[in-house]
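Naming: A, B, ... by sequence-line order, numbering from 1 per chain. Side chains included, hydrogens not; waters and symmetry mates left out as well; all remaining heavy atoms used.
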Amino acid sequence: MAELALPNLNCTALVDGEATGRCVLLREPLSFWGGFDVQCGKIIERSHADVGAVLTGGILLMSGGKGSSSSASVLAEAIRIGTAPSAIILLHRDLVVALGCIVASELYGMDVPVVLADVTAWDRLCALPPHSMLTVRARAALCEVLFDGPRDRGDDLGNRAESGNGGLPRGQGDHG
Amino acid sequence: MRILARSAAALGATRFIDIECAHIDGCLYHGQASLDFVERLLRDGGRVAVPTTLNVGSLDLIHPELFRGSRAVEAQARRLMRAHVELGCEPTFTCAPYQMQRRPRFGQHIAWAESNAIVFANSVIGARTNRYGDFIDLCAAITGRVPYCGLHDPENRRGEIVFEVREFPADPDSRDVWYAMLGLVIGQESQGRIPVIAGLPENTNEDELKALGAASASTGSVALFHAVGITPEAPDLDAALGGRPPVSRVLVDSGRLRAARASINSAAPGDPLSAVSVGTPHFSLGEFAVLERLLDEAPGSLAVDFYVNTSRDTLLQLERSGSAARLREKGVAFVADTCTYITPILKRATGLVMTNSGKWAHYAPTNIGATVAYGSLRECVRSARSGRVCFDG
């Protein structure tokens, strides 16, 4: 599918890298520690609006982080074992999230880019069709987000599926 | 330093400042990445440059027999704690470093991790720290510096959202839960803005502010709050807001607090109890004194396990005063260096576990699979005696 650059999208690269995946939009911030299962890449915080969502390989659209500062370790471990999102787009700067990705990059050479969107860019990303394919290219504070088109319906399994659904799409990213 | 520089870039900071001390949250074992990071620093000859305290680990090194997880994880977790000490950190292993005798002072720049310690340091002490987390805390300790931005800059410490508290319960023996519930509400409602709380009792103490802050940092990303007339940067509402009008106001009445309590309590009076766990964040000497008084008020044995999480430093002081022996005799089990909601310690975590901690109630269901009975410390003691959940009034 042809890549469509999202014109005039104002984003800043917080952590460099390049990734492609389907977008996974969270309706509220997530604490990776206590809220995310590293082994299966899924949100497990019972009171989270998106509990059950699989983040593995996706381009995670999350307004910000919350909760424990241990989230950086959990995220780094998820990147190490391959269950992390392939890129993270934030509305609010979050060092805990950025650090998990920086350390995984330093220790293992595995790059999961983190991008900060301004309000306009954020609203436009949130308005994309669910599970759209995105490409994130973040380098030296510059950032490009490409829209590769909506996913085919056939692959469009809900990202808020209940636990136990083994057929969820996985591993679209290229953080290996 | 490269990680610190990349972090500064991620933060948009252009310069660094020196720090007085650091508190490290890297001792909790989250997998191989935790250990790989510290071993790499050790191999490169790393050593902390400022006084550095350590947060909880995954093990109680004072009572290692309490650990009920796998041997492999235990060995890795022990190595992780040990490696931090080899880097020059003090083996404090507490989430409440502000209860140590030597603690930061008003206005000092520090690099603290652990969400409840961060909010306490900024709000109650008036020291200045951002929400440091795993990895950057240790980088800051080793270099003695942090990027100058966020809450290090007084411009960014002004309150933005006012919580007007009405009808706050006054009874000192049962109001512990309402501070925690207020914290849960503030965490949910703040949306990244700095909260100003108006209407708390003037005699609010540090333990109560600890419970409030810990809960607010569990449900939101609160790193600083101002309590008007109580915390040092809030002598009055205008000062707390830095002379600007608030972005928004939220009214918190007793109905709102009761609703928050109902949302985290899964127990009905009379339900059988598996255990009680208090001390999240770590119990202070003041809280132990209250517990001892509550246990004395109605003598008799406890029907279920009663765990109290605390620091080895506080426990040592309790041992010296004789209080630890008295509490053990009454059925209290001490957990030091770690906490019951992050590591397998509870003998019976499957049923109802009662706590007065908003933070424990928020995290324990996902972390250890416990179902939460939520009540005040007095209700926890009453329930532990009968083996069944009891609520006052």
Side-chain angles (χ1 to χ4, degrees), chain A residues 12-16 28-29 31-39 43-48 51 63-81 83-84 90-108 110 114-116 138 140-141, chain B residues 2-13 23 25-34 36-37 39-40 55 112-118 130-137 139 147 149-150 187-188 190-192 217-223 263-264 341-342 359 362-367:
Chain A
T12 313
L14 301 186
V15 181
D16 289 355
E28 55 178 290
S31 170
F32 279 92
W33 183 81
F36 176 76
D37 184 325
V38 172
Q39 297 305 322
I43 296 179
I44 52 168
E45 183 188 330
R46 290 179 195 176
S47 57
H48 197 282
V51 63
S63 61
K66 71 161 186 178
S68 172
S69 37
S70 292
S71 288
S73 287
V74 176
L75 187 51
E77 179 69 2
I79 295 170
R80 186 183 76 86
I81 66 172
T83 57
L90 300 169
L91 174 61
H92 303 294
R93 228 176 251 277
D94 191 286
L95 180 60
V96 173
V97 169
L99 263 168
C101 298
I102 291 171
V103 168
S105 160
E106 293 288 337
L107 283 180
Y108 309 116
M110 299 168 82
V114 182
V115 167
L116 184 68
Chain B
R2 193 165 66 226
I3 291 174
L4 215 51
R6 286 181 71 173
S7 299
L11 286 165
H23 181 69
D25 188 23
C27 282
L28 207 51
Y29 184 71
H30 298 296
Q32 189 61 39
S34 308
D36 287 345
F37 180 70
E39 298 284 16
R40 166 85 167 268
N55 204 48
W112 273 22
E114 163 53 44
S115 62
N116 104 83
I118 293 163
N130 280 323
R131 279 178 71 223
Y132 295 107
D134 290 9
F135 308 129
I136 195 175
D137 48 8
C139 295
C149 59
Q188 284 157 356
S190 290
Q191 305 290 329
S218 304
T219 53
S221 58
V222 178
S263 75
I264 59 161
Y341 76 116
I342 49 178
K359 181 169 181 171
H362 180 77
Y363 285 119
T366 24
N367 280 6

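Most heavy-atom pairs under 4.5 Å with chain A: of the set B:G192, B:S34, B:G31, this distinction falls to B:G31. Looking only at heavy-atom pairs under 4.5 Å with chain A, the residue among B:Y341, B:Y132, B:F135 that has the most is B:F135. No other option in A:L107, A:V96, A:V38, A:I81 has as many heavy-atom pairs under 4.5 Å with chain B as A:L107.
Interatomic distance, CG of A:L99 versus SG of B:C139, reported as 7.5 Å (0.5 Å rounding).
A:H92 places no side-chain N or O within 3.5 Å of a backbone atom of A:G65 that could act as its donor or acceptor partner. A donor-acceptor contact shorter than 3.5 Å links the side chain of A:E77 to the backbone of B:A33.
Partners of B:E39 under the side-chain contact (heavy atoms from CB on, under 4.5 Å) rule, at least two apart in sequence or in another chain, are B:L35, B:L42, B:R79. Every residue two or more places apart in sequence or in another chain that forms a side-chain contact (heavy atoms from CB on, under 4.5 Å) with A:I44 is listed here: A:D37, B:T366.
For chain B, the nearby part of A:A98 is the side chain; its heavy atoms alone come within less than 4.5 Å. Both the backbone and the side chain of B:D36 come within less than 4.5 Å of a heavy atom of chain A. Both the backbone and the side chain of A:R46 come within less than 4.5 Å of a heavy atom of chain B. If you measure heavy-atom distances from B:I136 to chain A, the contacts under 4.5 Å come from both the backbone and the side chain.
In this structure, a donor-acceptor pair under 3.5 Å is present between the side chains of B:N55 and B:H23.
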